[in-house]
Amino acid sequence: MALSLAISPCPNDTFVFHALVHGRVDGAPPVEVTYADVDVTNTAAERGAFDLVKVSFAALPWLLDDYHLLPCGGALGRGCGPLVLTKGDRTDLTGATVAVPGDRTTAYLLFRLWSAGRPPARIEVVPFNEIMPGVAAGRYDAGLVIHEARFTYHRHGLTSLVDLGEWWEADTGLPIPLGAILARRGAVDPEAAAGWVRESVRQAWADPTASREYVLAHAQEMELDVVDRHIDLYVNEFTADLGEAGFAAVAALLDRAADAGLTPQTSSSRATAWTS
(Lines give C-alpha, C1' and ligand atoms only; values in the text may rest on other atoms or scores of the structure.)
Protein backbone atom coordinates (compact mmCIF):
# COMPACT_ATOMS: atom_id res chain seq x y z
CA MET A 1 0.00 0.00 0.00
CA ALA A 2 1.11 3.55 -0.70
CA LEU A 3 2.35 5.71 2.15
CA SER A 4 0.53 9.02 2.53
CA LEU A 5 2.95 11.89 3.13
CA ALA A 6 2.19 15.55 3.75
CA ILE A 7 4.95 18.16 3.52
CA SER A 8 5.14 21.82 2.65
CA PRO A 9 6.13 22.98 -0.85
CA CYS A 10 9.08 24.83 0.71
CA PRO A 11 12.53 24.03 -0.72
CA ASN A 12 13.83 22.41 2.47
CA ASP A 13 11.01 19.84 2.47
CA THR A 14 11.09 19.06 -1.25
CA PHE A 15 14.90 18.83 -1.15
CA VAL A 16 14.83 16.41 1.81
CA PHE A 17 11.99 14.21 0.57
CA HIS A 18 12.81 14.13 -3.16
CA ALA A 19 14.30 10.63 -3.10
CA LEU A 20 11.53 9.16 -0.95
CA VAL A 21 8.75 10.73 -3.02
CA HIS A 22 10.32 9.54 -6.28
CA GLY A 23 10.81 5.91 -5.25
CA ARG A 24 14.58 6.11 -4.89
CA VAL A 25 14.80 4.77 -1.33
CA ASP A 26 15.26 1.00 -1.28
CA GLY A 27 12.69 -0.81 0.84
CA ALA A 28 10.35 2.17 1.17
CA PRO A 29 6.75 1.85 -0.03
CA PRO A 30 5.41 4.05 -2.84
CA VAL A 31 4.42 7.50 -1.60
CA GLU A 32 1.34 9.60 -2.26
CA VAL A 33 2.34 13.17 -1.39
CA THR A 34 0.21 16.16 -0.43
CA TYR A 35 1.72 19.66 -0.37
CA ALA A 36 0.28 22.09 2.16
CA ASP A 37 1.31 24.89 4.49
CA VAL A 38 2.16 23.73 7.98
CA ASP A 39 -0.94 25.33 9.48
CA VAL A 40 -2.98 22.98 7.27
CA THR A 41 -0.95 19.90 8.14
CA ASN A 42 -1.14 20.68 11.87
CA THR A 43 -4.93 20.46 11.63
CA ALA A 44 -4.95 17.45 9.31
CA ALA A 45 -2.66 15.51 11.65
CA GLU A 46 -5.20 15.90 14.45
CA ARG A 47 -7.56 13.89 12.26
CA GLY A 48 -4.89 11.27 11.56
CA ALA A 49 -5.04 12.20 7.89
CA PHE A 50 -1.51 11.13 6.90
CA ASP A 51 0.96 8.33 7.63
CA LEU A 52 3.96 10.67 7.61
CA VAL A 53 3.42 14.37 8.13
CA LYS A 54 5.40 17.58 8.60
CA VAL A 55 3.98 19.63 11.48
CA SER A 56 5.04 22.42 13.81
CA PHE A 57 6.84 21.34 16.96
CA ALA A 58 4.36 23.60 18.75
CA ALA A 59 1.54 21.26 17.69
CA LEU A 60 3.06 18.15 19.32
CA PRO A 61 1.04 18.35 22.57
CA TRP A 62 -2.10 17.64 20.54
CA LEU A 63 -0.55 14.94 18.34
CA LEU A 64 1.80 12.62 20.22
CA ASP A 65 -0.93 10.27 21.41
CA ASP A 66 -1.46 9.35 17.75
CA TYR A 67 1.97 9.94 16.23
CA HIS A 68 5.63 9.12 16.86
CA LEU A 69 8.12 11.97 16.63
CA LEU A 70 10.87 10.95 14.20
CA PRO A 71 14.45 11.99 14.96
CA CYS A 72 15.12 13.21 11.42
CA GLY A 73 13.70 15.07 8.45
CA GLY A 74 12.47 18.12 10.33
CA ALA A 75 13.59 21.74 10.54
CA LEU A 76 15.71 22.93 13.45
CA GLY A 77 18.73 25.13 13.50
CA ARG A 78 20.48 28.29 14.53
CA GLY A 79 20.07 31.67 12.91
CA CYS A 80 16.82 30.56 11.28
CA GLY A 81 14.11 31.80 13.61
CA PRO A 82 10.88 33.66 12.82
CA LEU A 83 10.92 37.45 12.48
CA VAL A 84 8.43 40.07 13.65
CA LEU A 85 8.26 42.65 10.87
CA THR A 86 6.89 46.19 10.93
CA LYS A 87 6.74 49.17 8.63
CA GLY A 88 8.43 52.33 9.75
CA ASP A 89 10.02 52.93 13.11
CA ARG A 90 7.62 51.12 15.46
CA THR A 91 9.54 49.92 18.54
CA ASP A 92 6.84 47.88 20.30
CA LEU A 93 3.49 46.21 19.67
CA THR A 94 1.32 48.20 22.05
CA GLY A 95 -2.16 48.38 20.52
CA ALA A 96 -0.97 46.55 17.40
CA THR A 97 -2.73 44.09 15.11
CA VAL A 98 -0.29 41.30 14.24
CA ALA A 99 -0.68 38.88 11.32
CA VAL A 100 0.54 35.34 12.08
CA PRO A 101 0.77 32.26 9.84
CA GLY A 102 -1.12 29.88 12.15
CA ASP A 103 -2.26 29.55 15.73
CA ARG A 104 -0.36 26.31 16.39
CA THR A 105 2.83 27.14 14.54
CA THR A 106 6.14 27.21 16.36
CA ALA A 107 6.57 30.77 15.17
CA TYR A 108 3.41 31.88 16.96
CA LEU A 109 4.29 29.93 20.10
CA LEU A 110 7.70 31.62 20.22
CA PHE A 111 5.98 34.96 19.65
CA ARG A 112 3.60 34.34 22.57
CA LEU A 113 6.48 33.40 24.86
CA TRP A 114 8.45 36.48 23.80
CA SER A 115 5.50 38.88 24.10
CA ALA A 116 4.20 37.57 27.44
CA GLY A 117 3.37 40.55 29.63
CA ARG A 118 3.15 42.91 26.66
CA PRO A 119 0.89 41.19 24.11
CA PRO A 120 -0.45 43.03 21.06
CA ALA A 121 -4.06 44.16 20.92
CA ARG A 122 -5.13 41.71 18.21
CA ILE A 123 -3.92 38.61 16.36
CA GLU A 124 -5.11 37.62 12.88
CA VAL A 125 -4.27 34.28 11.24
CA VAL A 126 -3.33 35.07 7.65
CA PRO A 127 -1.98 32.91 4.78
CA PHE A 128 1.79 33.18 4.88
CA ASN A 129 2.14 34.78 1.44
CA GLU A 130 -0.24 37.60 2.43
CA ILE A 131 1.58 38.69 5.57
CA MET A 132 4.37 40.88 4.20
CA PRO A 133 2.20 42.60 1.57
CA GLY A 134 -0.44 43.17 4.26
CA VAL A 135 2.03 44.84 6.62
CA ALA A 136 3.47 46.91 3.77
CA ALA A 137 -0.04 48.07 2.81
CA GLY A 138 -0.92 48.97 6.40
CA ARG A 139 -3.59 46.29 6.88
CA TYR A 140 -1.58 44.97 9.83
CA ASP A 141 0.77 46.78 12.16
CA ALA A 142 3.18 43.86 12.27
CA GLY A 143 3.62 40.41 10.78
CA LEU A 144 5.18 37.20 12.00
CA VAL A 145 7.09 35.53 9.16
CA ILE A 146 9.14 32.41 8.61
CA HIS A 147 11.37 30.69 6.06
CA GLU A 148 12.36 32.63 2.93
CA ALA A 149 10.88 35.88 4.27
CA ARG A 150 14.20 36.26 6.12
CA PHE A 151 15.81 36.92 2.75
CA THR A 152 13.11 39.03 1.08
CA TYR A 153 11.39 41.28 3.64
CA HIS A 154 13.50 44.30 2.71
CA ARG A 155 11.87 44.29 -0.72
CA HIS A 156 8.55 45.15 0.95
CA GLY A 157 10.06 48.11 2.77
CA LEU A 158 9.78 46.34 6.13
CA THR A 159 12.06 46.21 9.14
CA SER A 160 12.66 43.49 11.71
CA LEU A 161 11.43 44.41 15.18
CA VAL A 162 12.79 41.18 16.67
CA ASP A 163 14.41 37.98 15.49
CA LEU A 164 12.72 35.36 17.66
CA GLY A 165 15.45 32.87 16.83
CA GLU A 166 18.11 35.18 18.24
CA TRP A 167 15.91 35.74 21.31
CA TRP A 168 15.38 31.99 21.81
CA GLU A 169 19.05 31.10 21.34
CA ALA A 170 20.24 33.85 23.69
CA ASP A 171 17.73 32.76 26.33
CA THR A 172 18.22 28.98 26.08
CA GLY A 173 21.48 28.34 24.25
CA LEU A 174 19.56 25.82 22.14
CA PRO A 175 18.65 25.60 18.45
CA ILE A 176 15.20 26.67 17.30
CA PRO A 177 12.80 23.73 16.85
CA LEU A 178 10.54 24.67 13.95
CA GLY A 179 9.12 21.70 12.01
CA ALA A 180 8.84 18.02 12.97
CA ILE A 181 8.22 14.81 11.03
CA LEU A 182 5.68 12.46 12.60
CA ALA A 183 4.76 8.83 11.85
CA ARG A 184 1.23 7.67 12.60
CA ARG A 185 1.08 5.09 15.37
CA GLY A 186 -0.19 1.72 14.21
CA ALA A 187 0.21 2.63 10.55
CA VAL A 188 3.96 3.12 10.14
CA ASP A 189 6.93 1.45 11.85
CA PRO A 190 8.82 4.48 13.19
CA GLU A 191 12.19 2.77 12.98
CA ALA A 192 11.63 1.94 9.32
CA ALA A 193 10.27 5.42 8.61
CA ALA A 194 13.31 7.05 10.20
CA GLY A 195 15.51 4.90 8.00
CA TRP A 196 13.65 5.96 4.85
CA VAL A 197 13.85 9.63 5.74
CA ARG A 198 17.54 9.47 6.63
CA GLU A 199 18.32 7.75 3.34
CA SER A 200 16.36 10.44 1.49
CA VAL A 201 18.39 13.11 3.29
CA ARG A 202 21.63 11.28 2.48
CA GLN A 203 20.77 11.16 -1.22
CA ALA A 204 19.79 14.84 -1.22
CA TRP A 205 23.20 15.82 0.09
CA ALA A 206 25.05 13.32 -2.11
CA ASP A 207 23.61 14.80 -5.31
CA PRO A 208 21.93 18.19 -4.74
CA THR A 209 21.29 18.63 -8.45
CA ALA A 210 19.04 15.55 -8.65
CA SER A 211 16.18 17.34 -6.89
CA ARG A 212 16.66 20.78 -8.47
CA GLU A 213 13.81 20.58 -11.01
CA TYR A 214 11.42 19.17 -8.39
CA VAL A 215 12.36 21.78 -5.79
CA LEU A 216 11.98 24.69 -8.20
CA ALA A 217 8.62 23.40 -9.45
CA HIS A 218 7.19 23.77 -5.94
CA ALA A 219 9.16 26.82 -4.78
CA GLN A 220 6.33 29.30 -5.32
CA GLU A 221 8.22 31.70 -7.61
CA MET A 222 11.31 31.94 -5.42
CA GLU A 223 14.47 33.06 -7.17
CA LEU A 224 17.22 30.45 -7.45
CA ASP A 225 19.53 32.20 -5.00
CA VAL A 226 16.72 32.40 -2.40
CA VAL A 227 15.99 28.69 -2.90
CA ASP A 228 19.65 27.82 -2.35
CA ARG A 229 19.94 30.01 0.76
CA HIS A 230 16.72 28.51 2.10
CA ILE A 231 18.03 24.94 1.72
CA ASP A 232 21.45 25.81 3.14
CA LEU A 233 19.86 27.34 6.24
CA TYR A 234 17.11 24.84 7.03
CA VAL A 235 18.69 21.53 5.94
CA ASN A 236 21.48 20.91 8.39
CA GLU A 237 22.89 18.47 10.95
CA PHE A 238 19.55 18.36 12.80
CA THR A 239 17.78 17.25 9.62
CA ALA A 240 19.81 14.04 9.64
CA ASP A 241 19.47 13.54 13.39
CA LEU A 242 17.95 15.70 16.11
CA GLY A 243 20.60 14.52 18.54
CA GLU A 244 20.89 15.57 22.14
CA ALA A 245 20.70 19.30 21.42
CA GLY A 246 17.71 18.92 19.14
CA PHE A 247 15.68 16.88 21.59
CA ALA A 248 16.66 19.29 24.38
CA ALA A 249 15.34 22.17 22.27
CA VAL A 250 12.03 20.36 21.71
CA ALA A 251 11.67 19.59 25.42
CA ALA A 252 12.52 23.18 26.38
CA LEU A 253 9.94 24.62 23.98
CA LEU A 254 7.14 22.32 25.13
CA ASP A 255 8.00 22.68 28.84
CA ARG A 256 8.04 26.47 28.63
CA ALA A 257 4.79 26.53 26.70
CA ALA A 258 3.06 24.24 29.21
CA ASP A 259 4.42 26.19 32.19
CA ALA A 260 3.03 29.38 30.64
CA GLY A 261 -0.36 27.73 30.13
CA LEU A 262 -0.12 28.02 26.35
CA THR A 263 -0.24 24.29 25.52
CA PRO A 264 -1.23 21.08 27.33
CA GLN A 265 1.47 19.35 29.34
CA THR A 266 3.35 16.82 27.20
CA SER A 267 4.88 13.59 28.43
CA SER A 268 8.64 14.09 28.33
CA SER A 269 9.18 10.57 27.01
CA ARG A 270 6.84 11.14 24.06
CA ALA A 271 8.28 14.57 23.36
CA THR A 272 11.88 13.36 23.21
CA ALA A 273 11.95 9.75 22.00
CA TRP A 274 10.42 8.38 18.83
CA THR A 275 10.43 4.89 20.36
CA SER A 276 7.98 5.87 23.11
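Just so it is clear, the structure is predicted and the values come from calculations on it, not from any experiment.
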Using side-chain heavy atoms (C-beta onward) and a distance below 4.5 Å, is Phe111 in contact with Val162?
no
Side chain to side chain donor-acceptor pair (under 3.5 Å) filter on Ser4, not counting sequence neighbours, yields Asp51
Could you state the interatomic distance from CG (Leu64) to OH (Tyr67), rounded to the nearest 0.5 Å?
11.0 Å
Thr41 and Val38: which non-hydrogen atoms are nearest, and at how many Å?
OG1-O, 3.0 Å
Take Val98 and Glu124 through the side chain to side chain contact (heavy atoms under 4.5 Å, CB included) test and state the conclusion after the steps.
CA-CA 6 Å; Val98 180; Glu124 290 193 23; over 6 Å; no
Any side-chain heavy-atom pair from Leu144 and Pro101 closer than 4.5 angstrom?
yes
Note: Asp65-Arg185 ion pair, threshold 4.0 Å (strictly below)
no
Verify side chain to side chain contact (heavy atoms under 4.5 Å, CB included) between Arg90 and Leu93, making sure each step is shown before the conclusion.
CA-CA 8 Å; Arg90 176 182 282 271; Leu93 298 179; 4.2 Å; yes
Within a strict 4.5 Å, meaning less than it, do heavy atoms of the Leu70 and Pro190 side chains meet?
yes
Just so I know, are the side chains of Leu158 and Thr86 near enough to count as touching, which here means a heavy-atom distance under 4.5 Å?
no
Is Arg256 salt-bridged to Asp171, going by a charged N under 4.0 Å from an acidic O?
yes
Rounded to the nearest 0.5 Å, what's the gap from CH2 on Trp167 to OG on Ser115? Could you check?
8.5 Å
Hey, does the side chain of Ser200 reach the backbone of Val16 with a donor-acceptor pair shorter than 3.5 angstrom?
yes
Judged by atom type as modelled, is there a donor-acceptor pair below 3.5 Å linking the side chain of Asp13 to the main-chain atoms of Ser8?
yes
Please find out if less than 6.0 Å separates the ring center of His230 from that of Phe151.
no
Atom of Gly179, atom of Lys54 and distance for their closest heavy-atom approach:
CA-CE, 3.5 Å
Could you check Phe57 against Leu76 for side chain to side chain contact (heavy atoms under 4.5 Å, CB included), going step by step and ending with a plain yes or no?
CA-CA 10 Å; Phe57 275 109; Leu76 293 87; 3.6 Å; yes
Is a donor on one side and an acceptor on the other found under 3.5 Å between the side chain of Asp37 and the backbone of Asp39?
no
Quick one: closest heavy-atom pair of Pro264 and Trp62, and the distance?
CD-CZ2, 3.4 Å
Shared hydrophobic cluster, Ile131 / Val40 (ILVMFWY, side-chain heavy atoms < 4.5 Å):
no
Rounded distance [0.5 Å steps], CG in Leu161 versus CG in Asp92
8.0 Å
Less than 4.5 Å apart, any side-chain heavy atom of Ile123 and any of Tyr108?
yes
Restricting to non-hydrogen atoms, name the atom on Gly243 and the atom on Asp241 that form the minimum distance, rounded to 0.1 Å.
N-OD1, 2.7 Å
Rounded distance [0.5 Å steps], OH in Tyr35 versus CD1 in Ile7
5.5 Å
Contact between Trp168 and Pro177 at the side-chain level, heavy atoms closer than 4.5 Å - yes or no?
yes
Under 4.0 Å between a Lys/Arg side-chain N and an Asp/Glu carboxylate O for Arg184 and Asp66?
no
Would Lys87 and Asp141 pass as an ion pair if we require N to O under 4.0 Å?
no
Is the backbone of Arg78 close enough, under 3.5 Å, to the side chain of Glu169 for a donor and an acceptor to pair up by distance?
no
Those residues that, when tested against Ala116, pass side-chain contact (heavy atoms from CB on, under 4.5 Å) (two or more places apart):
none
For the residue pair Leu182 and Leu52, establish whether any side-chain heavy-atom pair is separated by less than 4.5 Å.
no
From Leu254 CG over to Leu262 CG, what is the distance, rounded to the nearest 0.5 angstrom?
11.5 Å
Does the plane of the ring in His18 sit parallel, tilted or perpendicular to the ring in Tyr214? Use 30° and 60° as the thresholds.
tilted
Hey, are Arg212 and Asp228 close enough for a salt bridge, meaning a charged N less than 4.0 Å from a carboxylate O?
yes
Working to the nearest 0.5 angstrom, can you tell me the gap between Cys10 SG and Ile146 CD1?
6.5 Å
Applying side chain to side chain contact (heavy atoms under 4.5 Å, CB included), run through Asp26 and Glu199 and close with a yes or a no.
CA-CA 9 Å; Asp26 289 344; Glu199 174 59 16; over 6 Å; no
Ignoring hydrogens, what is the shortest heavy-atom contact between Trp196 and Leu20? Give both atom names and the distance.
CB-CD1, 4.0 Å
Between Arg150 and Glu166, does at least one N-O distance fall below 4.0 Å, as a salt bridge requires?
no
Among residues two or more places apart or on two chains, list those pairs meeting salt bridge (Lys or Arg N to Asp or Glu O under 4.0 Å) that have a residue in residues 102-119.
Glu46-Arg104
Do Thr159 and Leu85 touch side chain to side chain, with heavy atoms closer than 4.5 Å?
no
Note: Leu253 and Ala58 closest approach over all heavy atoms is CD2-N, 4.4 Å
